[in-house]
Amino acid sequence: MLSLSLLIPALAACPGDPGDTDGGTATETGTAADTDTDTTAPTTGEPSAPQLPTDRFFLRIDDTPPPPVVLEMDKAKALEIFGEVAAKDIKLIELDSGPLLDNVLATIQNSCGDKWNVYDDTVKNGDLPVDPQHDCNLTALGKLYDGDPIANDPTKWRTSPQFAMVRLLTMTPRNADVATTVMEDFQYLFSLYDNETVNGLTFSDVLAASLFCGGHELGSVQCTEKLKDSKLDKAHEGDLHTRPFIPVAVLRDALKVTLLASHPNIANSEGKLPVTLYDALMDMQPLSDKLGPVGDHPGLLVPDDADFTTYSDALTAEFKMIATADSNLRRVDGIDASEGAGEMFLSVDAAPLAFDFNDPVKVVIEGIAAAPTVDMRMAIAELDTKVPSCVDGNATCAPNLPGSPLGDTYVWSQPEWSLERIIAQAAYGAFKDLDYPFYCFAPGLPCLAGASIGVVDPGWAEFDIQVPNLVSPAPQYLWEMLLDVAQDIIHDPAGNDAYMRDMNGKIVGGEQNTADNLEEGGARPVFALKGVPIGFTAEEMVAQIRPTLQSQADKIADVILGNYWTSNGRLDFYYRRAADGGTPYLFFVGPDDKRPDADDPTQLAAWDYAKPGFFADPELTDKLSSLTIDGVPDTEHEKYRLPEGESTLFIQDDAGDTYELRFTVPAGADPVEIVVRVRKL
């Protein structure tokens with residue numbers, strides 16, 4: 001199908017000699033320009049065959065349109081045609097990772113059940129925070145968290161890095177337990193009363209109000225007031241109480257600009273995943289290494305091993321691509337002065353084939369799964385030390401923002417792939433515009449507990465406690481405070497850490513129940529995800545594939561037929577029309593004409609012409625040809641239009657030898673066949 005013999009027909013011999021007045025009716029040959037003929041009769045007694053001049057050649061113009069090239073490929077045939085190297089270099093699709101990440105994060109978030117965001121309006125204040133009722137035995141993914149999908153030991157999965165991430169993703173104001181974090185004393189204050197409210201507000205109300213009432217359609221004050229027992233709107237409370245601190249959509253966008261954008265093989269902030277033709281033909285398995293560890297980046301995926309294989313069903317067993325391309329090749333006859341007649345194939349465009357992948361008739365793509373899925377093993381690495389918050393006051397810490405990191409200690413100076421940076425980026429994306437004016441949750445003289453966010457600077461949070469023995473969180477950016485809380489929670493996935501307090505409520509001693517905590521650097525969750533929807537239908541996938549392939553149409557054409565020139569003659573000049581349907585001219589070969597090297601046909605021959613062009617004298621002083629001719633678009637070649645009848649020209653070849661050329665051109669406006677005699681001087 002791809003054989004050059006189908007695209008490059010052999011030069012046919014032609015009887016007769018149009019316009020030749022010297023007689024001689026035998027066919028011409030393509031041998032060296034030797035003008036001697038042998039007239040001695042053979043001694044066998046048989047009549048001698050007519051002796052032919054060996055310096056005379058036909059040059060013809062073939063106006064037959066080249067046939068289109070049709071490629072019909074399944075996965076195996078496509079890999080055979082393109083080869084592994086080229087297939088790895090051709091992008092098939094720049095896949096928007098957004099829908100895939102949404103599905104991945106939602107799968108992880110609900111891998112230990114979906115009770116975490118249930119609002120039960122019969123729960124009493126004294127029973128807050130509620131139990132999110134995590135049970136990792138409920139899903140196939142969750143069963144892997146204890147390292148044994150059959151045993152499902154809660155003591156193991158509750159202390160796993162995977163469950164730590166689940167706990168973080170499912171944390172809401174209603175189920176949040178922030179013991180041993182910077183919010184410890186704020187939470188403790190609201191637990192001092194029998195019904196665990198202060199001024200009719202629970203600690204869950206405080207979290208819901210401070211995080212979600214700023215910018216609320218009710219206004220921050222009314223939004224907060226409607227959480228009080230005396231004014232309780234249960235629908236309102238249910239909405240605010242069950243919102244996750246880090247919504248999936250926000251974390252998705254954070255992953256795009258951190259973990260994904262920082263990977264050398266992704267390197268874009270839009271979350272576009274470059275999937276090559278090779279990746280797709282191999283069912284996405286190569287992504288395991290491609291998106292795995294690279295240099296200092298720990299990778300987005302864990303490389304495949306005996307326990308897991310990256311796989312996608314996107315290209316089914318019925319996959320087929322039928323592509324029809326117009327040929328840009330044109331065959332021309334010409335002369336290699338030292339060898340004789342020959343032919344070359346020229347491309348009238350940059351590429352030898354013209355594909356239109358956007359045309360569903362010319363390029364048919366079949367056999368893509370209706371709803372493609374992928375098996376992938378995703379991981380996120382954390383740093384081996386805790387990242388502190390900047391708590392040295394607003395004057396010092398205000399400049400510490402994503403685009404202007406302060407020093408090299410705080411989060412914005414940390415690697416973008418790190419879990420800490422990802423969490424901070426998500427918190428920043430969620431709350432960077434939060435405006436929550438000061439509200440006193442526990443009235444007194446002064447206010448016993450209040451909070452404001454965004455009053456001093458956008459995102460600057462102040463949670464203030466004026467109760468003896470209780471400590472307020474230091475004023476700081478909200479996203480750094482949330483990161484500080486998240487780092488404590490991640491390393492205590494079981495959620496059982498606690499402080500000892502004296503009779504006055506003051507914290508004494510260190511944390512309790514820390515034996516089952518994860519060490520710093522040990523919270524590296526790995527999720528072996530199976531059958532996750534990519535997020536696009538077959539039609540949507542094809543719609544993305546077409547323009548991606550079209551942007552590489554010339555590259556693809558070169559892969560398929562880029563070596564067409566290896567069968568070219570090493571011509572010095574050729575006869576062709578200056579444009580399709582135009583006047584025939586002699587063309588002296590130019591630097592961009594593709595001629596194979598004599599010693600290695602896979603390499604191009606050097607263009608070593610000291611005096612290119614056609615001359616009127618053997619001394620090559622009177623040039624008749626020109627690079628520029630009115631009405632002729634080509635300006636790269638020396639060109640000459642032959643007159644009718646006999647004419648003599650002279651050229652010098654790339655070896656520096658001079659040749660006489662005697663042309664015979666028949667009468668008529670469109671001489672498509674001419675004769676040339678070649679003699680070396």
Side-chain angles (χ1 to χ4, degrees), residues 11 18-19 57-66 327-337 341-352 354 565 568-595 604-654 656-678:
L11 181 64
F57 311 98
F58 286 140
L59 301 182
R60 303 174 180 84
I61 291 177
D62 184 0
D63 290 321
T64 304
S327 175
N328 288 325
L329 296 183
R330 301 294 184 267
R331 187 183 70 82
V332 295
D333 287 351
I335 298 293
D336 175 351
E343 61 184 6
M344 288 182 68
F345 288 85
L346 311 174
S347 182
V348 297
D349 209 333
W565 49 268
N568 278 353
R570 285 179 290 278
L571 306 184
D572 296 306
F573 67 90
Y574 48 85
Y575 190 52
R576 64 165 295 192
R577 297 187 187 279
D580 287 348
T583 302
Y585 280 81
L586 287 178
F587 276 66
F588 201 89
V589 292
D592 293 332
D593 288 329
K594 298 182 182 296
R595 304 180 305 146
L604 289 170
W607 192 81
D608 294 329
Y609 289 92
K611 290 191 174 183
F614 302 96
F615 296 83
D617 61 311
E619 292 76 27
L620 308 178
T621 59
D622 185 7
K623 182 184 288 188
L624 300 177
S625 59
S626 176
L627 292 172
T628 303
I629 297 176
D630 289 343
V632 176
D634 176 85
T635 58
E636 305 298 323
H637 298 80
E638 291 283 346
K639 297 170 291 295
Y640 180 69
R641 183 179 180 184
L642 291 165
E644 290 184 11
E646 301 283 345
S647 57
T648 301
L649 303 177
F650 299 88
I651 65 166
Q652 185 182 91
D653 71 359
D654 51 357
D657 296 323
T658 302
Y659 292 84
E660 177 189 76
L661 310 175
R662 294 170 54 205
F663 292 94
T664 302
V665 179
D670 190 27
V672 296
E673 295 183 335
I674 64 174
V675 175
V676 58
R677 292 177 176 82
V678 181

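For the numbers below, each heavy atom of this structure counts, side chains included, while hydrogens, waters and symmetry mates do not.
Applying the ring-ring contact (aromatic ring centres under 6.0 Å, His included) test between Phe588 and each of Phe650, Tyr640, Tyr609 identifies Tyr609 as the sole match. Checked options Val675, Val672, Val676; the residue passing with Leu59 is Val676 (criterion: side-chain contact (heavy atoms from CB on, under 4.5 Å)). Residue Val678 forms a side-chain contact (heavy atoms from CB on, under 4.5 Å) with just one option from Leu661, Asp336, Ile651, and that option is Leu661.
The line from CE of Met344 to CG of Asp333 is 12.0 Å long, rounded to the nearest 0.5 Å. Between the CD1 atom in Ile61 and the CZ atom in Arg330 there is a gap of 13.0 Å [rounded to 0.5 Å]. Rounded to the nearest 0.5 Å, atoms OH (Tyr575) and CD (Glu673) are 10.0 Å apart. Note that CG of Asp634 is 8.0 Å distant from CG of Leu627, once rounded to the nearest 0.5 Å. Atom CG in Asn568 sits 10.0 Å away from atom CZ in Arg595 (nearest 0.5 Å).
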Donor-acceptor pairs are to be reported for all side-chain atoms of residues 615-624 against protein atoms at under 3.5 Å, with residues two or more places apart or in another chain.
unit_1	atom_1	unit_2	atom_2	d
Asp617	OD1	Thr621	N	3.1
Asp617	OD1	Asp622	N	2.8
Asp617	OD2	Leu620	N	3.3
Asp617	OD2	Thr621	N	3.1
Asp617	OD2	Thr621	OG1	2.6
Lys623	NZ	Glu638	OE2	3.1

Derivation and outcome, side-chain contact (heavy atoms from CB on, under 4.5 Å), residues Val589 and Trp607: CA-CA 9 Å; Val589 292; Trp607 192 81; 3.9 Å; yes
Derivation of the side-chain contact (heavy atoms from CB on, under 4.5 Å) call for Asp670 and Arg577: CA-CA 10 Å; Asp670 190 27; Arg577 297 187 187 279; 2.8 Å; yes
Full working for side-chain contact (heavy atoms from CB on, under 4.5 Å) between Leu571 and Ile335: CA-CA 5 Å; Leu571 306 184; Ile335 298 293; 5.7 Å; no
Residue pair Val632, Thr583: steps toward the side-chain contact (heavy atoms from CB on, under 4.5 Å) verdict: CA-CA 9 Å; Val632 176; Thr583 302; over 6 Å; no
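Tyr659 places none of its side-chain heavy atoms less than 4.5 Å from the side chain of Asp572. Annotation: side chain of Ser347 is in contact with side chain of Leu329 (closest heavy-atom distance under 4.5 Å).
Using modelled atom types, one finds a donor on one side chain and an acceptor on the other under 3.5 Å when comparing Asp593 with Tyr574.
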